[in-house]
There are 2 protein chains.
Amino acid sequence: MDRERLKGHLDLLLLAVLEDEPAHGYVVITRLRERSDGGFDLPEGTIYPALHRLERAGLLVSDWVEHAGRRRRAYALTAAGHRELAAERASWTRFARGVIAVTGATA
Amino acid sequence: MDRERLKGHLDLLLLAVLEDEPAHGYVVITRLRERSDGGFDLPEGTIYPALHRLERAGLLVSDWVEHAGRRRRAYALTAAGHRELAAERASWTRFARGVIAVTGATA
DNA sequence: ATCCATACCTAGTAACGCTAGGCATCGTAT
DNA sequence: ATACGATGCCTAGCGTTACTAGGTATGGAT
């Protein structure tokens, strides 16, 4: 999976992964890897700054949780986050259909 | 269409548009706009540097053509360009399936 | 004791597509 | 005649992004 492809799509992935149940950064990485069957195996240096960016943008809220002696920062979608996720999914669909129409590639 | 989404996918679009019949930059822009039903309406500042990059990479060859008093630079795929296009299409499919699997979005 | 998994963070980097400007020709409408 | 839009090319610099590479720390297993 060429990493340059990910640019502009990461927010959609993160919001989708956090949609149903909140999670902390480490689990976000795991979920992405599992749900994509290994396709998205993203480094921490990608995930943590992105989560911070989404929180600054008001799409996520975080709170610190103590668990088995380790501190975790759990993220959840705000109302704006849910709206943004819907918009991102629609934007993705337009984009993907465009690529398919132009290139004849399949999804 | 969020422009940031395009990053990493432009090469695929350009190679696909030039696959069957060579064209010059201006026509590439037109074809992208038409085939995507207006979704990809890309500025010259995106297209021309990208074509130069692909030529430097050995995926395209160009030659200057005189037409109705205007000079045009026509681009065509090299053998390496055709191979790269096939690889890009496969890469796109993996990527798209990953996004769909993670987000539940549709193409 | 050592190592790996867990769990967080950030400064700096490379690559990308885009903005904004430039130059030139042709056809058409004023 | 001339102004303007469409055609047709180019590039320096910009903003955003995901990543590299480094750091800190705890818990469990060997």
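Numbered from 1 within each chain, the chains take letters A, B, ... in sequence-line order.
For D:dT7, one of the phosphate oxygens OP1 or OP2 lies less than 4.0 angstrom from a side-chain nitrogen or oxygen of B:Tyr26. Between B:Arg70 and the phosphate of D:dA6, there is no side-chain N or O to OP1/OP2 separation shorter than 4.0 Å.
Distance CG/B:Leu6 to OG1/B:Thr46: 7.5 Å, rounded to 0.5 Å. The CZ atom of B:Phe40 sits 10.5 Å away from the CD1 atom of B:Ile47 when rounded to the nearest 0.5 Å.
The interatomic distance linking B:Tyr48 (OH) with D:dT7 (P) rounds to 11 Å, in whole Å. Following rounding to the nearest Å, A:His52 (NE2) and D:dT17 (P) show an atom-to-atom distance of 15 Å. Rounded to whole Å, atom P of D:dT16 lies 15 Å from atom CG of A:Leu54. Here the C1' atom of nucleotide D:dC10 and the CZ atom of B:Arg71 are 8 Å apart, to the nearest Å. Atom CD in B:Glu4 sits about 9 Å away from atom C1' in D:dG15, given to the nearest Å. Here D:dT11 presents its C1' atom at 16 Å from CD of B:Glu55, a figure rounded to the nearest Å. Across the protein-nucleic acid pair, B:Arg73 atom CZ and D:dT11 atom C1' stand 13 Å apart, rounded to whole Å. In this structure, CD1 of B:Ile47 is placed 15 Å from P of D:dT11, rounded to the nearest angstrom.
Of the possible donor and acceptor atoms, none in the side chain of A:Glu19 sits under 3.5 Å from a partner among the backbone N and O of A:His82. Checked by atom type and distance alone, the side chain of A:Ser36 pairs as donor or acceptor with a backbone atom of A:Leu32 at under 3.5 Å.
The side-chain heavy atoms of A:Arg5 and B:Glu88, taken from C-beta on, include a pair separated by under 4.5 Å. Residues A:Leu60 and A:Leu15 have side chains in contact (heavy-atom distance under 4.5 Å, counting atoms from C-beta outward).
In the set D:dC19, D:dT11, D:dC10, the nucleotide with an atom closest to the side chain of A:Leu6 is D:dC19. Picking from D:dT11, D:dG8, D:dA18 the nucleotide with the shortest atom distance to the side chain of B:Arg72 gives D:dG8. Comparing D:dC19, D:dG8, D:dT11 against the side chain of A:Arg3 picks out D:dC19 as the nearest.
Taking the six-membered ring where the residue is Trp, B:Phe95 and B:His9 present tilted rings, their angle falling between 30° and 60°.
Nucleic acid contact for A:Gly45: base, since at least one base atom lies under 4.0 Å from a heavy atom of the residue. Using a 4.0 Å heavy-atom distance criterion, A:Ala50 is classed as making no nucleic acid contact. A:Arg5 comes within 4.0 angstrom of nothing in the nucleic acid, heavy atoms only.
Heavy-atom contacts of chain A under 4.0 Å fall on DNA chain C between two terminal nucleotides, which in 5' to 3' order are C:dA5 to C:dC16.
Counting distance only, with no hydrogens placed and no angle test, the side-chain atoms of A:Lys7 and the base atoms of D:dT16 include no donor-acceptor pair under 3.5 Å.
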